[in-house]
Peer 1: 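A single structure is presented below for examination.
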There are 2 protein chains.
Amino acid sequence: MPRAGLTPAAVVREAAVLADEVGYDRLTLAALAGRLGVALPSLYKHIKGADDLHRKLAVLVTTEVADELTTAAAGRAGGDALCAVATAFREYARRHPGRYVAAQRAPDPADPEHLAAAERAVGAVYAILRGYGLTGDAAVDATRMFRAAVHGFITLEAAGGFGLPREIDRSFDQMVSALDTAYRGWRSR
Amino acid sequence: MPRAGLTPAAVVREAAVLADEVGYDRLTLAALAGRLGVALPSLYKHIKGADDLHRKLAVLVTTEVADELTTAAAGRAGGDALCAVATAFREYARRHPGRYVAAQRAPDPADPEHLAAAERAVGAVYAILRGYGLTGDAAVDATRMFRAAVHGFITLEAAGGFGLPREIDRSFDQMVSALDTAYRGWRSR
DNA sequence: CGCTGAAAGCTAATGGTATTAGCTTTCTGG
DNA sequence: CCAGAAAGCTAATACCATTAGCTTTCAGCG
């Protein structure tokens with residue numbers, strides 16, 4: 001019987017594909033093993049268990065998101081950058097609904113790779129806000145607002161939480177525009 | 001052997017308590033049955049299964065949230081109302097972390113009770129925005145932004161997604177304040 | 001070229017969860 | 001008081017995750 005030639009990275013990559021296909025909550029070791037053409041316990045040669053898989057998946061996705069946000073922000077500033085990053089984030093989530101859920105797991109403080117990826121993703125937003133003249137506590141607050149609004153919008157949209165017929169794209173654009181306005185006039189209160 | 005005297009409502013209520021104690025993802029029929037002093041299959045006399053329980057729990061929680069938001073908004077308007085409702089929402093989530101997750105399930109279009117509760121919760125926000133002179137599409141967009149921002153903030157906070165030492169309460173107040181400013185100057189773009 | 005050991009893969013066994021079937025017991029209403 | 005509806009039970013089935021222990025493959029080294 002030939003070997004499948006798996007590696008931890010290959011397992012996690014396939015888990016990402018599977019999560020997008022069937023949903024994060026239906027990402028199961030049994031289904032993953034089947035997909036990889038391997039018996040379920042064989043996975044344990046590459047991952048420590050289901051929880052470890054979820055952790056590794058969070059690292060992968062956070063890294064991917066950080067890359068996309070950084071790329072989207074490159075060469076832009078102000079409202080332009082804000083819109084590009086927000087849109088890139090939302091489109092990533094629409095393209096990869098399973099992955100997106102996986103990324104919600106907070107980094108283990110002892111995992112430098114995960115911490116670095118999260119830092120990079122948040123840093124892309126933080127940098128844009130510097131362009132608005134926001135620094136220190138104000139920049140932290142503004143970054144948190146951006147993350148909350150965009151993440152909240154994405155999850156509500158994905159959950160089907162926006163029932164009314166009004167186009168969701170336009171509501172998103174309006175929100176980003178309102179954020180831009182808020183950042184222009186940001187003041188310590 | 002005496003009867004436990006369960007009802008569907010009693011089962012759902014206990015599920016809510018259990019979810020808050022152990023987390024929504026660890027809310028299991030086995031644990032729930034144990035808590036109610038009953039064998040697991042006995043639950044099927046009151047709920048159709050795990051999915052049905054989750055649905056009923058979502059209805060209960062959405063109703064509770066609608067009540068709290070309505071109460072918080074009563075007798076207030078403008079930024080005052082905005083802050084009261086946002087804070088009530090966040091505090092509900094902190095008090096009931098398991099319930100809060102349960103409420104993220106969108107209503108089944110064929111479930112009038114669930115739809116009505118969700119309508120009532122959203123309506124509390126919508127009414128406040130009318131006080132800002134927002135109607136029609138603008139009010140829909142503004143309501144969606146409010147929900148996204150507050151919901152996103154709550155979930156990020158609950159997930160431990162805010163790593164920096166800056167106090168989270170202050171970031172939340174700043175966000176609500178920024179929303180107030182955005183609504184004052186809202187314009188179609 | 002063959003041997004050897006690490007590691008990839010397997011089967012089997014265990015324990016947890018949800019679900020269904022079918023039986024027993026308890027209330028309640030006529 | 002008794003008859004039936006419904007609450008509760010046990011047993012059986014089917015997933016899923018995990019651990020233990022065995023077999024096989026492959027790569028490196030003499």
Side-chain angles (χ1 to χ4, degrees), chain A residues 1-61 97-99 101-102 104-105 108 111, chain B residues 1-61 97-99 101-102 104-105 108 111:
Chain A
M1 190 167 299
R3 290 203 179 171
L6 295 182
T7 63
V11 170
V12 175
R13 253 182 286 124
E14 190 64 32
V17 174
L18 183 56
D20 284 337
E21 281 183 21
V22 303
Y24 185 71
D25 51 328
R26 287 207 194 67
L27 169 59
T28 178
L29 293 189
L32 181 56
R35 180 67 79 93
L36 291 166
V38 113
L40 194 156
S42 304
L43 295 177
Y44 284 76
K45 296 293 177 179
H46 307 287
I47 55 171
K48 291 193 183 70
D51 188 70
D52 185 45
L53 176 67
H54 292 138
R55 220 196 63 246
K56 286 180 157 73
L57 191 52
V59 176
L60 170 72
V61 176
R99 281 162 150 97
V101 175
Q104 298 320 313
R105 182 184 180 121
D108 179 341
D111 183 341
Chain B
M1 192 166 297
R3 289 205 182 170
L6 294 182
T7 64
V11 170
V12 175
R13 253 182 286 124
E14 190 64 30
V17 174
L18 183 56
D20 284 337
E21 281 183 22
V22 304
Y24 185 71
D25 51 329
R26 286 207 195 66
L27 167 60
T28 177
L29 293 188
L32 181 55
R35 180 68 81 92
L36 291 166
V38 112
L40 194 157
S42 304
L43 295 177
Y44 284 76
K45 296 293 177 179
H46 307 287
I47 55 172
K48 292 193 185 67
D51 188 71
D52 186 46
L53 175 66
H54 292 137
R55 220 197 64 246
K56 287 180 158 70
L57 192 51
V59 177
L60 170 72
V61 175
R99 281 162 151 96
V101 176
Q104 299 319 312
R105 183 185 179 119
D108 180 339
D111 183 343

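Only a predicted model underlies this, so the values are computations on that prediction, with no experimental measurement involved. Letters A, B, ... mirror the listed sequences (proteins, then strands); counts begin at 1.
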Peer 1: Among residues 42-60 of chain A, which contact DNA chain C at a heavy-atom distance under 4.0 Å?
Peer 2: A/Ser42, A/Lys45, A/His46

Peer 1: Could you report the tightest heavy-atom contact between B/His46 and B/Val11, atom names first, then the distance?
Peer 2: CB-CG2, 4.0 Å

Peer 1: Could you work out, with side-chain hydrogen bond (donor to acceptor under 3.5 Å, both in side chains) as the rule, every residue matching B/Asp52, not counting sequence neighbours?
Peer 2: B/Arg55, B/Lys56

Peer 1: When you measure from every atom of DNA chain D, which of residues 8-40 of chain B have a heavy atom less than 4.0 Å away?
Peer 2: B/Val38, B/Ala39

Peer 1: Test B/Leu32 against every option in B/Val38, B/Leu53, B/Val12 by the side-chain contact (heavy atoms from CB on, under 4.5 Å) rule and name the one that passes.
Peer 2: B/Leu53

Peer 1: What closest approach, in Å, do B/Val61 and B/Arg99 show between heavy atoms, and which atom pair accounts for it?
Peer 2: CG1-O, 3.4 Å

Peer 1: To the closest 0.5 Å, what do you measure between CG (B/Leu40) and OH (B/Tyr44)?
Peer 2: 6.5 Å

Peer 1: What closest approach, in Å, do B/Ala50 and B/Leu29 show between heavy atoms, and which atom pair accounts for it?
Peer 2: N-CD1, 4.0 Å

Peer 1: Using side-chain contact (heavy atoms from CB on, under 4.5 Å), reason through A/Arg105 and A/Asp51 one step at a time and then give a plain yes or no.
Peer 2: CA-CA 11 Å; A/Arg105 182 184 180 121; A/Asp51 188 70; 3.2 Å; yes

